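Please read these numbers as outputs of a predicted model, since none were measured by experiment. Every heavy atom of this structure was used, including side-chain atoms; hydrogens, water molecules and symmetry mates were not.
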Amino acid sequence: MSTATTERAPRFFYGWVIVFAAAVKGAFNVGSAVFASSVFLVPMQDDLGWSRTLIFGALAVRTLCGGLLSPIVGPMGDHPWAPRLALPIGSVLFGLSFMLVKWADTPLEYYLSYGVLGAAGLALTSNPILEGVVLKWFIRRRAQAIMWMQVGPPTGPMIFPLLLTLLIGAVGWRDAWMWMGIASIALFLPLSLLVRTSPASMGLLPDGDRPGQEPPPSLGGGRRPSPANERSFTRREALRSGAFWLICVALMFSIIGLPGFQSHWVPYLVEIDFSSETAATAVLVFGLFSVLARFVWGFLTARYDIRNLMIIQALLAALGVLFLLNVQNAVMMYAWAVYHGLTLAVFFQLQALLTVTYFGRGHIGSIRGVMFPFITLGSSAGPILLGALRDWQGSYWVPFLVVVATWLVAAALVFMTRPPQPVDEPAPAATADAETAPKAEAAS
């Protein structure tokens, strides 16, 4: 058997296929769930007579149940073949959860289809699996890989609010749910079949390097690890560190200021006398600049301490919420959309990089799987909490001030974190993706 494929660098590194698949899924996760709920809110209320709390409650069930499954599905991201089975099944369930809402006439039917079935699809295609796989394919170029992966989520606000607004106007909200489900299956199912767990499973090395090649120096003074010196914590070791729990609680608070806050943008802007089309356009502007922000912050993460950048981002996000509360005209609304696009959603990019920088990538799927219930608690509680506060207070001032407080708490918790110290013990056995001895080379 020839070993030529492992002795020269490929023209195109397959890891970028994994990044593209994860980016597409991120776009659908954010656009078809968080922002779709806000677009469908008014027509579903008018037709069914349901409250905001009830409608957003299904999103809370979907997010909460999906996240609680993360400790179970997270280790699949470290398994040699489990992602190739979980991702296609999850893609089908994810799409069906939208399609079945077309026939939902009672809250129970709506919660079972969008909430429960959607949670299963969300868990099997979740970040603990996809993010864990992406991080195994890159070391030196990790910041760039996460940057491109995180380009996906902000394209959701660019595409879905305005598209769904037009689609609902053309075919009604029920058929709009069905077509969204069909589109998600048609797009993500083929991509999920292309995913491979690690470069070693294809006889490759991380970053597209060649065996024996001396990796070029990383940006920022060589702070990024190489395969030879990277230390990977096991899940048990990570759970023993204070940094792990501080990050978890910080994620729980900060995530309230993302899906929970974002799902109320369109209703809030309509409430202060903007049209639904204008509000959807503002969300599109947010998405455009959120994509740009990925590249700006990707440049910064390659050069500056990620922990400090997370603190700065949380403080800027809190200011953005206050900015929104003081929007008085279209110019201010679009200025807010630009500002928040540049400062808000890069949180996901930064927290993923901080986690893998602290704990390594060898067991990152398992570690992230334990973190995601905390993220889920915040993201599931956010929409329904803010919706209930809005129904109680009659305005969005109190709910949005709560979001400001959560960002400030998150900044304080991240400030308290320090890199965990490894336990003195024999070096762990090589993991399944031990790139220094690719399988193809061993087979030959």
Side-chain angles (χ1 to χ4, degrees), residues 21 24-41 43-44 47-48 50 53-74 76 82-130 156 160 164 167-168 172-193 195 259-260 263 369 372-373 375-377 379-384 387:
V24 171
K25 185 58 171 62
F28 267 88
N29 274 352
V30 175
S32 62
V34 177
F35 287 96
S37 298
S38 63
V39 173
F40 280 103
L41 175 67
M44 290 180 71
D47 189 24
L48 301 171
W50 296 348
T53 304
L54 190 152
I55 293 174
F56 281 127
L59 176 59
V61 169
R62 178 189 184 94
T63 308
L64 180 61
C65 293
L68 291 177
L69 292 172
S70 295
I72 300 174
V73 302
M76 292 183 181
R84 300 181 64 182
L85 179 64
L87 292 172
I89 294 174
S91 301
V92 174
L93 296 178
F94 188 82
L96 286 175
S97 71
F98 298 135
M99 296 170 64
L100 293 177
V101 177
K102 170 182 168 64
W103 294 280
D105 291 314
T106 66
L108 178 61
E109 294 171 341
Y110 175 52
Y111 273 62
L112 287 176
S113 57
Y114 183 73
V116 177
L117 185 63
L122 185 65
L124 291 173
T125 58
S126 61
N127 269 3
I129 295 179
L130 281 171
F160 284 91
L164 290 175
L167 187 60
I168 291 170
W173 67 266
R174 291 185 181 273
D175 284 335
W177 276 113
M178 183 184 69
W179 284 110
M180 185 168 65
I182 293 173
S184 67
I185 294 175
L187 188 57
F188 191 64
L189 178 58
L191 287 174
S192 66
L193 296 172
V195 173
S263 60
F372 264 78
I375 298 176
T376 297
L377 182 61
S379 58
S380 60
I384 193 169

Can you tell me if Trp50 has over 12 outside heavy atoms packed within less than 6.0 Å of its CH2?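 Buried by this count: over 12 neighbours within 6.0 Å.
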
Nearest heavy-atom neighbours spanning [X] and [Y]:
| X | Y | result |
| --- | --- | --- |
| Trp173 | Asp47 | NE1-OD2, 3.0 Å |
| Leu54 | Pro107 | CD1-CG, 4.0 Å |
| Ser113 | Val101 | OG-CG2, 3.8 Å |
| Leu96 | Ile185 | N-CD1, 4.1 Å |
| Pro83 | Pro88 | O-CD, 3.9 Å |
| Lys102 | Met178 | CD-SD, 3.6 Å |

For Tyr114 and Val61, run side chain to side chain contact (heavy atoms under 4.5 Å, CB included): C-alpha distance rounded to whole Å, both residues' side-chain angles, the deciding distance at 0.1 Å, then the answer. CA-CA 9 Å; Tyr114 183 73; Val61 169; over 6 Å; no

Got a list of side-chain donor-acceptor pairs under 3.5 Å for residues 118-125, not counting sequence neighbours?
{"unit_1": "Thr125", "atom_1": "OG1", "unit_2": "Lys25", "atom_2": "NZ", "d": "2.9"}
{"unit_1": "Thr125", "atom_1": "OG1", "unit_2": "Gly121", "atom_2": "O", "d": "2.7"}

Less than 4.5 Å apart, any side-chain heavy atom of [X] and any of [Y]?
| X | Y | result |
| --- | --- | --- |
| Arg84 | Val195 | no |
| Glu109 | Trp103 | no |
| Tyr111 | Val116 | no |

May I ask you to decide if the ring planes of Phe98 and Phe94 are parallel, tilted or perpendicular, using 30° and 60° as cut-offs?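 Phe98 and Phe94: perpendicular rings.
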
Can you tell me how the ring of Trp177 sits relative to the ring of Phe40, calling it parallel under 30°, perpendicular over 60° and tilted otherwise?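 Answer is parallel, since the angle falls under 30°.
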
CD1/Ile182 to CG/Leu187 distance, rounded to the nearest 0.5 angstrom?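 Between Ile182 CD1 and Leu187 CG, I get 13.5 Å after rounding to 0.5 Å.
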
